Amino acid sequence: MSEMITKEIQDDLDGKFLTFYIGDAIYGIELLHVIEIIQVVAITPVPNVPAYISGIINLRGKIVPVINVRTKFSQPEKEFDDKTCIIVIEIEGMHVGLIVDSVSDVANIENDQLAEPPEFNASASNHYLHSIANVGGRMILNIDCDRFFQSDLIASGSYSR
């Protein structure tokens, strides 16, 4: 029975992306991965981690690593404001927080609105992209969660691909 419910939920979330801003760029992440959106809370720094890992937070008794998407995408730092938030997602059974400039909305994106991202070079942040969508005149850069977290999950031993 639960497999049917899970399949139903998965089908219902298919094609839905939570959109958020980093600077003027709009990014999307599959709603299927999103657990919740919270305000920025106190983040405890962790030594000897990449600069884009801001640290960890305690989310109702669960320790959650937090990644600053701006820093991971090599964007200039920006002071947090009242729109800055943390999107808590689940990837490979692990909860991770993503600090973003602001959350926009949920976009319904049909397959015919998706295009492959252009190829630049392997070190460009575009290798984290799954697709690009043109929705209502807005270009949405959809993040590939597997690629975005691959090196971090491999380092922690929880990535099996």
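Computed over heavy atoms, backbone and side chain alike; hydrogens, waters and symmetry mates excluded. This structure is a prediction, so every number in the text was calculated from the model and none was measured.
- In this structure Asp105 satisfies the salt bridge (Lys or Arg N to Asp or Glu O under 4.0 Å) test together with Arg138, sequence neighbours excluded.
- The nearest pair of heavy atoms linking Gly23 to Asp101 is N-OD2, 2.6 Å.
- Between Leu18 and Ile37, the closest side-chain pair of non-hydrogen atoms falls below 4.5 Å.
- Follow the hydrophobic side-chain contacts under 4.5 Å out from Val34 and you never reach Val64; the two are in separate clusters.
- The shortest non-hydrogen separation linking Ser131 to Pro117 is CA-CD, 3.9 Å.
- In terms of modelled atom types and a separation under 3.5 Å, the side chain of Asn142 and the main chain of His130 share no donor-acceptor contact.
- Linking ILVMFWY residues whenever their side-chain heavy atoms come closer than 4.5 Å, directly or via other members, places Ile132 and Phe73 in the same cluster.
- Using a 4.5 Å cut-off on side-chain heavy atoms (C-beta onward), Lys72 and Pro50 make no contact.
- The minimum heavy-atom distance linking Ile57 with Ala42 is given by the pair CG2-O, 3.5 Å.
- Residues forming a salt bridge (Lys or Arg N to Asp or Glu O under 4.0 Å) with Asp81 (at least two apart in sequence, or on another chain): Lys78.
- Arg70 contributes no side-chain N or O that, together with a main-chain N or O of Ile22, makes up a donor-acceptor pair within less than 3.5 Å.
- Listed here is the closest heavy atom pair of Val40 and Ile86: CA-CD1, 4.0 Å.
- Rounded to the nearest 0.5 Å, atoms CD1 (Ile53) and CG (Asn68) are 11.0 Å apart.
- A distance of 10.0 Å separates CZ in Phe17 from CG in Leu32, rounded to the nearest 0.5 Å.
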With side chain to side chain contact (heavy atoms under 4.5 Å, CB included) as the test, would you mind laying out the steps for Thr84 and Glu79 before giving the verdict? CA-CA 9 Å; Thr84 307; Glu79 195 170 313; over 6 Å; no
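- Contact of the Ile143 side chain with the Leu98 side chain is not registered, since no non-hydrogen atoms from C-beta on lie closer than 4.5 Å.
- Screening Thr71, Val66, Ile99, Val69 for a side chain to side chain contact (heavy atoms under 4.5 Å, CB included) involving Tyr52 leaves a single residue, Thr71.
- Side-chain contact between Tyr21 and Ile26 is present, with heavy atoms from C-beta onward closer than 4.5 Å.
- In this structure, the side chains of Ile67 and Phe148 come closer than 4.5 Å at one or more pairs of heavy atoms.
- In the hydrophobic clustering of this structure, Ile56 groups with Val96; members are Ile, Leu, Val, Met, Phe, Trp, Tyr whose side-chain heavy atoms approach within less than 4.5 Å, directly or through other members.
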Run the side chain to side chain contact (heavy atoms under 4.5 Å, CB included) check on Val135 and Ile109 step by step: do they pass? CA-CA 7 Å; Val135 179; Ile109 302 175; 3.9 Å; yes
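- Hydrophobic clustering (side-chain heavy atoms under 4.5 Å, transitive across Ile, Leu, Val, Met, Phe, Trp, Tyr) groups Phe20 together with Val106.
- Note that CD1 of Ile35 is 10.5 Å distant from CD1 of Ile91, once rounded to the nearest 0.5 Å.
- For the pair Ile140 and Tyr27, the tightest heavy-atom approach, listed with the atom from each and the gap, is CG2-C, 3.9 Å.
- For residues 39-64, every residue pair satisfying the salt bridge (Lys or Arg N to Asp or Glu O under 4.0 Å) rule, not counting sequence neighbours, is listed here: Glu36-Arg60.
- A donor-acceptor pair is defined here as one N or O able to donate and one able to accept, closer than 3.5 Å; no such pair exists between the side chain of His95 and the backbone of Glu90.
- Distance check: Asp144 CG to Ile29 CD1 gives 10.0 Å after rounding to the nearest 0.5 Å.
- Listed here is the closest heavy atom pair of Ile43 and Ser54: CG2-O, 3.5 Å.
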